[in-house]
Amino acid sequence: MYPDAHLVGCSTSGEICGVQILDDSIVATALEFEDTTVRVARSCIANEDDSLRAGQRLAEQLPPEALSHIFVLSDGLKVNGSKLVEGLTGKLPDGVTITGGLAGDGTRFEDTLVVDGCNATSRIAAAVGFYGRRIQVGCASLGGWDPFGPERFITAASGNVLYELDGQSALALYKRYLGEHANELPASGLLFPLSVRDDEHDEPSVRTILAIDDARQSMTFAGDMPVGARARLMKANFDRLIDGATGAARSNFASIGSTPPDLALLISCVGRRMVLKQRTEEEVEAVRDVLGPHVPLAGFYSYGEICPFRASTRCQLHNQTMTITTLSER
Amino acid sequence: LTVVTRHSLLERQIKRCLGHVDTNAEPWASFLAVVNEAYYAFDRDRAMTERSMDLSSAELIEANHRLRESEERYALAAEASNDGLWDWKLTTNEVYFSARWKAILGHGDDEISNSPTEWLERVHPQDRKSVEHDIERHLAGRSLHFENEHRMRHKSGSFRWVLTRGLSVRNAQGVAVRFAGSQSDITAGKVVDALTGLPNRMLLLDRLARLLERQRRQGGPPFAVLFLDLDAFKMVNDSFGHIVGDELLRLVARRLESSLRPNDRVTRVVEVTGAAGMDDHTLARIGGDEFIILLDSVRDVVDATRVAHRIQAALSRPFVTSGREVFTSASIGIAMSSSGYTEPEEMLRDADTAMYRAKMGGKGRSEAFDAGMRVQVLERLQLDTSIRIGVQRHEFFPYFQPIVDLRTGRLAAFEALLRWRHPDRGIVLPTEFIPIIEENGLVVPIGSAFVRDVCRQMRRWLDDHAGAGRLQINVNFASQQFLDPGLPQQLLEALGRARIAPDHLVVEITEHSAIRDLALTIDVLEELQGAGIRVVLDDFGTGYSSLAWLHRLPISGLKLDPSFIQDDPRRREILQAIIALARALDLTVTAEGIESTDQCDRLRDLGCDFAQGFVFAHPLDAEQAALVISPDRVWLPAAYT
């Protein structure tokens with residue numbers, strides 16, 4: 001049907017189509033622009049340590065001239081998302097925004113795929129560059145999780161692998177908090193994301209678990225675990241998560257001047273879906289309530305979201321958020 | 001998620017409201033399944049939340065408990081250490097000062113605010129720059145710790161010495177946000193000499209300044225400064241070690257105290273930090289082996305000299321340390337306040353000069369300062385400097401005086417004698433510089449170089465002169481060299497390097513040096529003997545001669561003091577007895593200072609083996625000496641041979 005189209009997509013932990021949430025389906029969104037041109041870049045991610053370079057390789061394939069925005073989809077497991085984003089942003093001119101997400105695999109955490117043209121493979125990342133003056137992009141991201149309990153120091157970690165908090169095994173701590181749900185790890189670990197900040201005055205990032213290793217007593221997170229940083233467990237309830245989605249939509253709407261956009265791409269974290277369960281649709285509905293009934297919604301549940309904290313700040317990897325990218329041509 | 005059983009609440013609700021309906025049929029079954037699942041989900045979430053709250057509250061309680069314990073431990077430690085504490089929040093510029101911090105400065109807890117100026121403005125003006133500099137350095141990350149000793153103004157207006165230590169806490173950007181540490185009162189340590197417990201230089205200068213000021217304003221009787229320096233203390237340290245040296249200093253301090261009592265009362269440390277009476281005398285140690293006695297209300301210099309003599313008499317008795325007797329003496333210089341000093345340092349300097357003059361005159365003496373001394377001392381210091389330069393420029397070298405065998409009339413040995421070729425003054429005799437190098441310790445390196453030079457010279461002669469085959473060289477050693485247990489090894493190395501057999505070398509040691517530490521001397525001599533190096537006892541008969549220990553020394557000969565050579569019947573008899581004694585002990589006898597052939601006759605008749613003196617030759621340089629090495633050369637009239 002669309003012989004000249006660039007095809008980009010990924011596996012998910014649930015598809016968003018309108019206000020519906022589906023499993024084991026394919027949701028396709030076709031975008032056509034009057035003036036905006038599109039380029040697609042792709043890169044392998046050889047291993048987690050290659051993440052930074054992979055981000056740089058993506059950026060190198062996108063000429064900076066007239067580049068307005070990048071939408072990126074990446075393998076969700078074999079990657080250090082923080083590094084990928086760092087590599088990407090480091091090579092871009094100021095003013096270019098990035099949004100996107102890490103592919104999901106239900107709640108299995110085994111294998112994720114990224115679609116690039118006619119191939120769907122793991123260990124790759126694909127980025128779509130939007131060029132032109134008329135494209136208007138809004139982005140916002142919000143969680144709604146609350147930190148609780150004592151603040152702990154990361155005392156042993158390497159990259160995105162965490163070993164110890166306050167000199168104690170981090171995995172043992174999670175198991176204690178999960179109680180009978182400990183055997184559902186790593187999925188059940190999504191119920192307790194980690195709030196991580198370098199310093200007491202920094203804005204914390206939220207990090208979720210991708211994998212555990214009982215033998216090494218380690219936990220792999222979707223982003224960096226710097227030794228010396230401060231961490232707190234987080235929890236959420238339905239209302240706070242749905243408030244988070246509403247907040248993300250409002251903030252997005254504010255960033256594009258309150259005119260309804262032509263399309264909203266929603267990337268929300270699988271951890272939210274696990275808490276919200278039957279009420280997951282409510283967070284999508286909350287977004288629609290803000291953006292209005294005529295804005296087409298599409299998206300997926302992911303293993304990580306990519307978005308700037310605020311319009312003015314650099315793009316970062318998030319976890320456990322609802323991230324909204326709106327597109328319009330003016 | 002499959003839920004087999006229905007939630008109890010749902011079951012009850014069905015019974016109450018849907019009793020008549022078949023809930024296992026559609027659409028009820030699907031509907032209730034979803035509701036049932038939601039009920040369980042709520043329960044699980046609530047249970048999980050409660051569990052988390054319980055666990056985290058238990059964790060927080062425990063953390064709180066640990067914190068309280070650590071706070072208690074910290075508070076106890078702080079109290080026990082007697083240190084003041086301070087904690088400067090750099091973000092708000094507020095400082096917490098502990099009650100003890102304030103008490104050190106004489107203030108109550110509510111008398112000092114939490115402003116940093118409370119600290120900085122109390123720092124002594126002379127110390128402020130250094131304190132501010134060190135704080136800045138530390139906060140800028142250029143020092144790991146902040147540590148500064150400075151004076152702080154006490155509430156009474158006086159100053160206390162404090163040691164302040166601190167450490168900063170930095171944020172992720174490396175900027176210091178908090179700076180905390182301790183303050184210790186070190187006033188007592190600052191004014192007291194740790195080794196002896198006596199007042200130190202700082203307190204002495206303070207005391208002296210106050211006495212001078214009183215004198216200037218009120219007049220009154222003069223006072224004296226006695227500058228006391230132990231003689232050859234360096235040698236005690238070098239030969240017995242610092243532990244014995246330190247112990248000797250403590251014993252000297254105690255002896256000085258008691259010798260100054262009861263007529264000259266002494267201020268002890270206990271009274272030091274309080275307001276000591278100005279009439280008291282002060283005994284202080286100002287470094288090394290230097291003690292100062294501040295004698296208040298002495299009538300005149302005669303009075304002060306009398307005290308100096310009493311002190312020297314007290315120090316002349318032996319000290320017992322580590323089971324051995326150590327003898328010492330002190331040189332004392334006296335300066336009188338009647339000379340009109342304004343600065344304490346000037347008075348101390350003049351007393352030092354007088355002490356130096358006393359030391360130049362010999363050991364165990366005292367001198368009162370007069371203006372002429374400064375010139376002499378200056379000259380002496382210049383000499384000291386040129387000796388040091390001379391050592392670097394290799395201006396020291398040997399002369400050789402022949403020693404003749406009285407039986408054969410032929411050359412038996414040379415005595416190697418140290419000479420200094422000064423670039424301006426020409427050859428300088430040892431009497432002028434030996435006392436200085438013995439005092440400043442240069443005798444050891446000069447001595448080692450000397451032995452090497454002599455051995456090299458001997459090697460040349462052995463190579464060039466067939467007649468040198470049985471030639472010996474006598475070398476003198478000072479007691480400082482002799483107290484070095486490494487001496488035998490050093491000699492063997494020098495010999496080995498020049499490829500000379502040990503029996504070519506004869507070591508000369510004076511009687512006086514030998515008895516300084518008899519046990520050690522015997523050890524070294526035995527080692528030399530074992531290595532094949534012979535030893536003769538020099539200046540024998542100069543007052544220390546004791547038959548009791550002579551037989552214990554492993555020596556091969558005696559050298560008679562020249563005074564024995566004078567021709568009078570009494571001495572002749574003594575000489576006869578000494579030679580008989582030497583025969584009995586199997587020792588050779590060498591006579592020194594022989595000026596005439598008559599003397600040679602007499603000595604030979606008495607059985608003396610060797611002789612040296614102007615009758616044969618003055619000391620010769622190496623070239624001249626080479627000319628007289630010949631087995632055929634006969635030094636005595638034919639009648640003797």
Side-chain angles (χ1 to χ4, degrees), chain A residues 23 107 145-154 165-168 172-182 184 187-193 196-204 226-230 232-241 272-282, chain B residues 1-7 9-10 27 29-71 89-92 141 168-179:
Chain A
D23 282 302
T107 53
W145 297 75
D146 299 313
F148 73 98
E151 187 162 58
R152 306 159 205 271
F153 283 93
I154 297 180
L165 292 169
D166 282 345
Q168 311 281 324
L173 179 79
Y174 262 88
K175 287 186 170 174
R176 193 143 57 87
Y177 271 83
L178 287 167
E180 54 181 321
H181 302 288
E184 294 157 32
S188 59
L190 291 174
L191 301 175
F192 295 113
V196 180
R197 55 180 172 174
D198 283 336
D199 196 337
E200 33 179 348
H201 310 294
D202 286 352
E203 193 139 13
V227 171
R230 298 145 186 262
R232 278 180 89 188
L233 294 180
M234 302 182 92
K235 63 176 178 57
N237 59 44
F238 314 128
D239 298 332
R240 295 282 295 127
L241 291 184
R272 303 169 71 81
R273 195 175 175 204
M274 286 181 63
V275 172
L276 290 169
K277 299 195 187 73
Q278 290 185 40
R279 299 178 64 178
T280 310
E281 268 104 347
E282 282 182 38
Chain B
L1 209 78
T2 331
V3 179
V4 206
T5 51
R6 278 191 180 143
H7 193 276
L9 174 60
L10 183 61
S30 316
F31 172 67
L32 290 174
V34 180
V35 172
N36 193 39
E37 195 188 305
Y39 272 37
Y40 275 112
F42 270 115
D43 276 3
R44 264 200 311 276
D45 283 344
R46 201 198 57 240
M48 184 99 87
T49 305
E50 277 171 6
R51 182 185 170 81
S52 330
M53 292 303 106
D54 285 352
L55 282 170
S56 74
S57 108
E59 275 195 89
L60 288 170
I61 286 168
E62 205 200 310
N64 198 16
H65 178 71
R66 275 201 307 269
L67 199 64
R68 197 174 304 145
E69 261 191 357
S70 120
E71 209 166 60
K89 271 210 169 118
L90 298 168
T91 43
T92 59
S168 59
V169 176
R170 292 166 192 283
N171 63 13
Q173 285 73 47
V175 179
V177 289
R178 186 175 169 183
F179 184 29

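Keep in mind the model is a prediction, meaning the values are calculated, not measured. A, B, ... follow the sequence lines: proteins, then strands. Residue 1 opens every chain. Note that these values count all heavy atoms, side chains included, but never hydrogens, waters or copies made by symmetry.
- When the side-chain contact (heavy atoms from CB on, under 4.5 Å) test is applied to Ser168(B), the partners found at least two apart in sequence or on another chain are His138(B), Leu139(B), Arg170(B), Ala176(B), Phe179(B).
- For the options Glu180(A), Lys235(A), Arg279(A), His181(A), heavy-atom pairs under 4.5 Å to chain B are most numerous at His181(A).
- Other residues, nucleotides and ligands contribute more than 12 heavy atoms inside 6.0 Å of the CD atom of Glu184(A).
- Neither the backbone nor the side chain of Arg197(A) comes within contact range of chain B; no heavy atoms are under 4.5 Å apart.
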Considering only distance and modelled atom types, tabulate donor-acceptor pairs under 3.5 Å from the side chains of residues 60-71 of chain B, sequence neighbours left out.
{"from": "Glu62(B)", "atom 1": "OE2", "to": "Arg66(B)", "atom 2": "NH1", "distance (Å)": "2.7"}

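- Applying the 6.0 Å contact sphere to CZ of Arg178(B) captures no more than 12 heavy atoms from other residues, nucleotides or ligands.
- Between Asp166(A) and Glu59(B), the closest side-chain pair of non-hydrogen atoms is not below 4.5 Å.
- To the nearest 0.5 Å, atom CZ of residue Arg51(B) and atom CG of residue Leu178(A) are 8.5 Å apart.
- Between chain A and the residues Ser57(B), Ala41(B), Ser52(B), the largest count of heavy-atom pairs under 4.5 Å involves Ser52(B).
- For chain B, the nearby part of Leu173(A) is the side chain; its heavy atoms alone come within less than 4.5 Å.
- Only the side chain of Leu191(A) comes within contact range of chain B, with at least one heavy atom under 4.5 Å from a heavy atom of that chain.
- Rounded to the nearest 0.5 angstrom, Asn171(B) CG and Asp198(A) CG are separated by 11.0 Å.
- Heavy-atom pairs under 4.5 Å with chain A peak, among Asp54(B), Leu55(B), Asp45(B), at Leu55(B).
- Both the backbone and the side chain of Tyr177(A) come within less than 4.5 Å of a heavy atom in chain B.
- Among all heavy-atom pairs drawn from Ser56(B) and Gly149(A), the shortest one is CB-CA, 3.7 Å.
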